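Working notes for the structure below.
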Amino acid sequence: MGKKRVMVPAKELDLSTVKYEKETIQAPHLTGSILKLFVRIIEIPIIGSLIISFMKKENNMVEMLQNTEIPEKPMFKPEFPPQEAEPSVVIVDEEGKPTDRVESALKCLPHYDPASCWSGDTLPSFRYWKIRDFAYAYRSKLVTPSKIAEQVITLVEGCKYHKAPTPLLISFDAEDIRKQAAASTQRFKEGNPLSILDGIFMAIKDDIDCYPHPTKGASTWMHEVRSVEKDAVSVSRLRSCGVILIGKANMHEFGMGTTGNNPNYGTTRNPYAHERYTGGSSSGPAAIVASGLCSAALGTDGGGSIRIPSSLCGVVGLKTTYGRTNMGGSLCGSGTVEIAGPIASTVEDVILVYAAILGSSPEDRISLKPSPPCLPILSSFENVNILGSLQLGKYTEWFNDVHSTDISDVCEDVLNLLSKSHGCKTIEIVIPELHEMRIAHLVSIGSESIRSLNPDIEDGKGVKLNYDTRTCMALFRTFTASDYVAAQCLRRRIMHHHLEIFKKVDVIVTPTTGMTAPKIPPSALENGESNMQVSGYLMRFILAANLLGLPAITVPVGHDKQGLPIGLQLIGRPWGEATILRLASAIEELCAESRRKPASFHDILKTK
């Protein structure tokens with residue numbers, strides 16, 4: 001019998017007694033035939049449950065979920081108090097036309113000077129082409145969407161980006177791309193583009209519907225039991241703005257992993273180092289953007305799945321507030337931790353895509369009562385003063401708990417730059433119960449995943465899952481209703497701690513990940529990999545945004561000694577996307593010189 005533990009109410013917790021404890025995960029690193037054997041053992045009745053039970057005890061899960069008295073009531077989905085209005089913003093109509101919101105976003109951006117952008121004289125050594133660069137090229141008749149489409153198709157087919165062993169896309173139709181591009185080209189010819197996004201190429205993660213492509217969740221069978229009749233809500237909004245959708249991007253099967261490993265279709269490789277992971281689960285979207293093939297991509301984020309690969313691939317990824325975007329038409333649309341959000345090479349491109357896709361579902365408008373969506377006016381004179389007034393919260397012991405000090409050093413340098421250039425003040429904070437937060441997130445996302453997939457698993461599809469997915473499922477199956485309720489009680493406690501922190505600071509700053517892109521073991525390519533230690537490092541700073549539904553963004557800020565990208569994460573108040581986007585834009589400008597061209601990069605807008 002375990003000894004009962006009693007937690008004091010969150011409101012009474014004395015922060016001076018909180019001690020930071022480094023995360024230690026007790027689980028074997030398994031690949032290849034050893035992983036296959038382990039999965040077969042844990043799927044044996046009784047024996048398997050005994051092994052999983054032992055591992056849960058070793059990681060203090062049983063003590064937390066079953067032997068602890070938690071005084072708070074459960075919070076079954078994020079609940080937010082009313083928030084103060086953000087300064088110097090434009091409010092956009094979430095029920096209006098996506099094209100109108102994108103036009104509003106465009107007016108918020110700094111002045112675009114084609115001469116400086118195209119001459120090359122004042123540019124950093126490496127720079128991604130922005131959405132506004134493509135729009136200028138189209139309007140100036142330097143190039144057409146159809147010409148760019150042919151380049152994209154040639155690259156995808158020539159580099160076999162749509163086939164194993166290293167696909168970026170797992171569903172691709174060249175003729176469909178040509179058809180979309182021809183329609184866009186005609187609109188430009190007539191002088192009637194739909195928006196600044198017209199003719200912009202984007203990829204869609206394979207857990208979001210994009211008609212006529214099947215949605216598989218990067219599995220081998222989901223399309224057999226679930227048909228796609230129309231676009232997901234977010235995809236429909238992009239299409240109405242003239243976006244050209246190139247297909248379905250690769251991902252970690254059903255989003256149940258942080259590396260992007262996928263034996264079903266092949267594992268997407270990091271554009272900076274072919275032998276390393278992209279991070280996951282939005283592996284394809286991040287790699288497609290980082291390699292220059294698309295200006296932006298749409299991903300989902302239930303446990304860092306946008307932010308982790310964006311950080312590891314050196315691009316920008318936005319995780320919106322829970323409920324800010326409508327998840328209709330996605331495989332993970334019924335959970336309490338997931339969102340759909342943009343990945344792009346720059347903050348301004350993230351803003352433009354975010355403006356197009358934002359808008360809560362009718363149900364979430366009733367239950368969550370979202371603050372009106374806002375966009376930061378980056379072109380205003382007030383912008384500098386607002387940046388200078390921002391208070392940044394940093395939990396130093398957590399911030400420094402990384403695999404290599406390269407990460408914490410680079411991120412610390414950025415905070416010093418912000419202070420020197422804009423007067424941003426960094427304040428020391430304490431975030432209690434980080435271990436409890438990890439457990440609460442795992443039980444929440446795990447229980448919701450098994451509920452979603454169980455009917456098909458019971459119908460015989462379980463044996464078709466990847467071995468690492470089957471490992472996750474074996475764990476998730478052991479979670480009880482009592483465990484799930486305990487996790488939701490923890491969610492309320494941890495929400496209280498964070499809302500108290502946000503009374504003192506505007507943004508919480510962390511490295512995005514605790515390590516840069518890990519190497520891919522050759523033995524993991526055929527049968528997958530289970531490495532909880534790597535997952536622990538990749539998810540170290542990620543989970544508050546998912547469990548609590550807070551907005552967060554990752555911005556590339558430099559590289560480690562091996563030349564691998566490092567990201568800085570900004571976590572904002574509920575509905576506070578405008579503030580983190582404003583700060584992210586300032587950070588991007590400060591770090592512009594540090595961006596490096598990936599080893600695998602395609603310049604699809606060469607006009608000479």
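All figures in this text were calculated on a predicted structure; none of them were measured in a lab.
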Any side-chain heavy-atom pair of Val534 and Pro518 under 4.5 Å |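 Touching, per the 4.5 Å side-chain cut-off.
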Check: Arg269 and Tyr277 side chains under 4.5 Å, non-hydrogen atoms |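 Side-chain contact under 4.5 Å: no.
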Mind checking whether His559 and Tyr272 have parallel, tilted or perpendicular rings, split at 30° and 60°?
->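 The arrangement is tilted - the two ring planes meet at 30° to 60°.
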Check the angle between the aromatic planes of Trp398 and Phe541 and answer parallel, tilted or perpendicular using the 30° and 60° thresholds.
->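 Trp398 and Phe541: tilted rings.
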Could you tell me the separation between the [atom1] atom of [X] and the [atom2] atom of [Y], rounded to the nearest 0.5 Å?
{"X": "Ser291", "Y": "Tyr128", "atom1": "OG", "atom2": "OH", "value": "7.5 Å"}
{"X": "Thr405", "Y": "Lys561", "atom1": "OG1", "atom2": "NZ", "value": "5.5 Å"}
{"X": "Met437", "Y": "Leu548", "atom1": "CE", "atom2": "CG", "value": "7.0 Å"}
{"X": "Thr513", "Y": "Met539", "atom1": "OG1", "atom2": "CE", "value": "12.0 Å"}
{"X": "Ile386", "Y": "Ser88", "atom1": "CD1", "atom2": "OG", "value": "4.0 Å"}

Verify, without hydrogens or angle tests, whether [X] (side chain) and [Y] (backbone) share a donor-acceptor contact under 3.5 angstrom.
{"X": "Ser282", "Y": "Ser305", "value": "yes"}
{"X": "Arg595", "Y": "Arg127", "value": "no"}
{"X": "His274", "Y": "Asn270", "value": "no"}
{"X": "Ser444", "Y": "Ala440", "value": "yes"}

Around atom CD of Glu589, are there more than 12 heavy atoms of other residues, nucleotides or ligands at under 6.0 Å?
->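 Counting other residues, nucleotides and ligands, CD of Glu589 stays at 12 neighbours or fewer.
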Within a reach of under 6.0 Å around NZ of Lys77, are more than 12 heavy atoms found that belong to other residues, nucleotides or ligands?
->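 More than 12 within 6.0 Å, yes.
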When you look at Ser195 and Glu103, which way does the side chain to side chain donor-acceptor pair (under 3.5 Å) test go after all the steps?
-> CA-CA 7 Å; Ser195 76; Glu103 184 62 27; over 6 Å; no
In this structure, which one of Ile339, Thr554, Ile306, Ile580 forms a side-chain contact (heavy atoms from CB on, under 4.5 Å) with Leu318?
->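 Looking at Ile339, Thr554, Ile306, Ile580, the match for Leu318 under the side-chain contact (heavy atoms from CB on, under 4.5 Å) is Ile580.
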Answer yes or no for Lys597 and Phe126: cation-pi contact, defined as NZ/CZ to six-membered ring centre under 6.0 Å and angle to ring axis within 45°.
->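 Pair Lys597/Phe126 does not count as cation-pi.
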Looking at Tyr136, does the NZ or CZ of Arg139 lie under 6.0 angstrom from its six-membered ring centre and within 45 degrees of the ring axis?
->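 No; the conditions do not both hold, so Arg139 does not lie above the ring face of Tyr136.
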Salt bridge check, [Y] against [X]: does any charged N sit closer than 4.0 Å to a carboxylate O?
{"X": "Arg365", "Y": "Glu95", "result": "yes"}
{"X": "Glu72", "Y": "Arg493", "result": "yes"}
{"X": "Arg540", "Y": "Glu23", "result": "yes"}

Using side-chain hydrogen bond (donor to acceptor under 3.5 Å, both in side chains) as the criterion, point out the one residue from Lys205, Lys319, Arg307 that pairs with Asp301.
->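 Result for side-chain hydrogen bond (donor to acceptor under 3.5 Å, both in side chains) with Asp301: Arg307.
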Ring centre gap for Tyr322 and Phe80 strictly below 6.0 Å =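 Not close enough - the centres of the two rings lie 6.0 Å or further apart.
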Modelled atom types, side-chain donor and acceptor of Thr336 and Arg491, under 3.5 Å |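 Note: Thr336 and Arg491 side chains meet the donor-acceptor criterion.
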In terms of side-chain heavy atoms, does Asp207 have a donor or acceptor partner in Ser330 at a distance below 3.5 Å?
->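 Checked: Asp207/Ser330 side chains show no N/O donor-acceptor pair below 3.5 Å.
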